[in-house]
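Beneath this line is the structure, given in structure tokens, with notes to follow.
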Amino acid sequence: MVLLFLGGAKEGAAQSNQALQVASLRTEYLVNPIGIEVRQPRLSWQLQSDRRDVRQVAYQIQVATSREALARGRDLVWDSGRVESDQSVFVPYGGPALQRRQRYYWRVRVWDNHGRSSAWSEPAFWEMGLLSPDEWRAQWITYNWEEDTSQPQPAPMLRRTFRVEGRVRRARLYITSLGLYEAHLNGRRVGDQLFTPGWTSYHHRLQYQTYDVTDLLRPGENALGVILGDGWYRGYLTWSVRRNVYGDRLALLAQLEITYEDGRTQVVTSDPDWKATTGPIRMSDIYMGEIYDARLEKEGWTEPGYDDSDWRGVRVLEHPKDILIAPIGPPVRRIQEIRPVAILYTPAGDTVVDMGQNMVGWVRLRVRGPAGTVVTLRHAEVLDKHGNFYTENLRRARQTDQYILKGEGEEVFEPHFTFHGFRYVAVSGYPGELTPEAITGIVIHSAFEPTGTWVSSDSLLNRLQLNIQWGMKGNFLDVPTDCPQRDERLGWTGDAQVFARTAMFNGLVGGFFTKWLGDVAADQSPEGAVPHVVPNVLPSFAGRFPGGATGWADAAVVIPWTMYQVYGDRRILEVQYPSMKAWVEYMRREAGDDLIWDTGFHFGDWLAFVPEENVRRAYPGATTGRDFLATAYFAYSTRLLAQAAEVIGKTDEARHYRQLYEAIREAFNREFVTPNGRVAQATQTAYTLAIQFDLLPEHLRAEAGRRLAEDVRAHNMHLTTGFLGTPQLLHALSNTGQLDVAYTLLRQTTYPSWLYQVKMGATTMWERWDSIKPDSTFQDPSMNSFNHYAYGSVGDWMYRVVAGIDTETPGYQRLRIAPQPGGGLKWVQARYHSLYGEVASSWELVDPQTFVLEVTIPPNTTATVRLPGAQLASVQEGRQPVQSAAGVHRAYQDGADVVVEVGSGTYRFTYSPSAELVRRIQTQPEVGQPVTMSF
Ligand code: RAM
């Protein structure tokens, strides 16, 4: 009896501990990072609870240098003590200065508003990197032969051996390169990161990686081997296919540090004692692809005992070390594998494997055959209207891999320092019959955690959402790029600027952007102009810095601000503030006293819809005047800068920039807006930006919305916007009472529209509204990518307005769920994984009498939920009247809607919808006739 009773009590205690838990511990944006250099890392965690309305009222963090010390709660480096606070995201480490190389274990426990305390979390850790250039005892080394760097060269392989004498407690490899590297220790690949050391503004910032290689070492003789690739450093870059943009010599910097159980330490560095040679990789280039001759493999070259007597030597290279930085974003990794859906034989005679998805990475080839057989893999995004393999839009990027067999049973090949954007692979030279088993697609990208899903009753929109996500996978490859396939693949600032908010719904990209913004600042001109592409690899033309274009350069301001909105990341504002301010000051000087910015080069509303007769004007996007766009963005970025200054406590500057913003706004109105609200540029983009950037006097906003809607109607219910107007277009409509028109555009299926490309079979976002024309011919091959995320920026509206997931205060601690159903959609389900945990919003019109909205609010947050078209008396939560449901703080009627303030938890609201809501949901949008446009 007694035993049973005790058992029961114990179980009960365990359960009550489980009822409130802390999990998902994060340092900065990362989980258990090693080799970081943030001096005061910020710690975040998530609460988990089985009950509603949970808020953290206090926390305690403990940090120790060993797991054991942490578990005992003794010999701590830092104990925050109990801190009365609801902060669970980005709590800065507050202990003594962090030591280089040291690993810090930490745990946290919390108390909630129901008087409960959690158990300590599972321990997490972070580990510091080297923290200063003096810590590098290694020397930069390079192979000692000459090369013809006007073309790709065989990849150098560098190697050295060393002895391990004793029991190893820990070993770290600190490593970077000029060019790309792939490291192996004793025959095993070090880590799983790809395209290391990553792409940064190499002359100012070069990342090094830290690997825990303790388990790769063995007693006695060991061997370290590194292959170098051209990469961004000296491979082909830009459409002028320039080589050697950063330098023409590949080099290695490596430092392997071993600590023995007995406290001895040993350092193996890159130094003149290394050996070097070339081997199977005859060339490997990002745009061009790889040639791999397996007959030249050097079996066992990264293992001890290998005979390297015929290898050449290396020499020391002078190159700075004070540019070295530690990564803060996620590395590029293999993320998923894809099986082919078909093997096709084209009219032109190619054997083509269809991966079923436009993807980025490469294929793994399995093959058997005689030595010397050459298998060639070419990659393309599309087949032409005849079903032939189409590569013209790749311009000069060959993206071709060649594998030369060694003739020894089954051989497996994957390329090393290249990636391709493709759905189709043309295979030639394959010995025997090609079967789908021979080919596996390897999808690679920056390993951001996926954070969003969005599905609805419309399968076309669901495909659009997938295409947006695939566009992101394909173009978040260490830097945010425009495209992944042609001879470009650059960090275009405008594309990133317009897509950032959507990206932040679909993935945790705080670290990714933190890194890139560092390069934005590093590559800014002394006058403050932000380059068109970052890292900047475009030459000056006519003595002009390749930057400073409106809407592109504004990435420097818009993206940090967006990160603050989405993640509550204040520090990014502090760090980027000088860069943000320099850009605004640049615009102010360019605009001059009248504050109308009418100088300089601008891409304008890039790739906006062009009326047929103007098609010849190449890449127009110019239907909205550039001075209009530039002045609008000048105002917008100035306002954001003022807000950022406020947030980080620069009150005087905040006032100063607010005044500047007001003055620009006035100038804008004087120049571009008539007293009756007619905007000088009669385009959708002009009205959209005027509304969204809050440039109009309040009383003219609705009128602007009406005119915008009218323009949509004038184009038979089609959009006409380019890169700058598109991301804001639907917001401008829904914010001015034109929700129906917004939905009509979203669900439009004829050109130009989002779903037109879906209907044409797109599996990623296209660069142009008509990348494939209705007659199945292609747009101009000189600029026609099938994997460009800019128009995917509509994803933000799908999450924020259709599903209604938004934040009220920066970072989602106070959030808002306010779906605006319509457009004939019967139901929508969206989830967004915030730093606090999962936010969800699903709505459905079950029948004309029953509307259901189900929401999930993560612990330690609260939400304002707006139930559209509801009467308070009819609203139930679960089976109860809404006011009496647990977790509901307040419910009240607000015009046609009911507003419910809730604490955390999952809630299911059911009510009888207003006739107007039923109408909006049931009326299929009038999508009008296809346009054969003339103005
Ligand atoms: C194209 C790029 C990019 C765009 C620039 C202006 O070359 O692909 O998308 O930002 O032009």
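These numbers come from a predicted model, not from an experiment. In listed order, ligands and their atoms are each counted from 1.
For Phe448 and Phe512, the gap between ring centers reaches or exceeds 6.0 Å.
Cation-pi geometry between Arg489 and Phe419 is satisfied (NZ or CZ under 6.0 Å from the ring centre, within 45° of the ring normal).
Among protein residues, Asp482, Arg486, Glu488, Trp492, Asp495, Trp552, Phe603, Trp606, Phe723, Glu767, His788 come within 4.0 Å of ligand 1, judged on heavy atoms.
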Quiz item: Do Tyr633 and Trp552 pass the ring pair (Phe, Tyr, Trp, His ring centres under 6.0 Å) test, and can you show the C-alpha distance, the side-chain angles, and the key distance before you say yes or no?
Solution: CA-CA 10 Å; Tyr633 258 98; Trp552 268 248; 8.7 Å; no

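In this structure Trp754 satisfies the ring-ring contact (aromatic ring centres under 6.0 Å, His included) test together with Trp769, sequence neighbours excluded. Residues meeting the side chain to side chain donor-acceptor pair (under 3.5 Å) test with Arg396, sequence neighbours left out: none. Taking Asp248 as the reference, nothing meets the salt bridge (Lys or Arg N to Asp or Glu O under 4.0 Å) condition, with sequence neighbours excluded.
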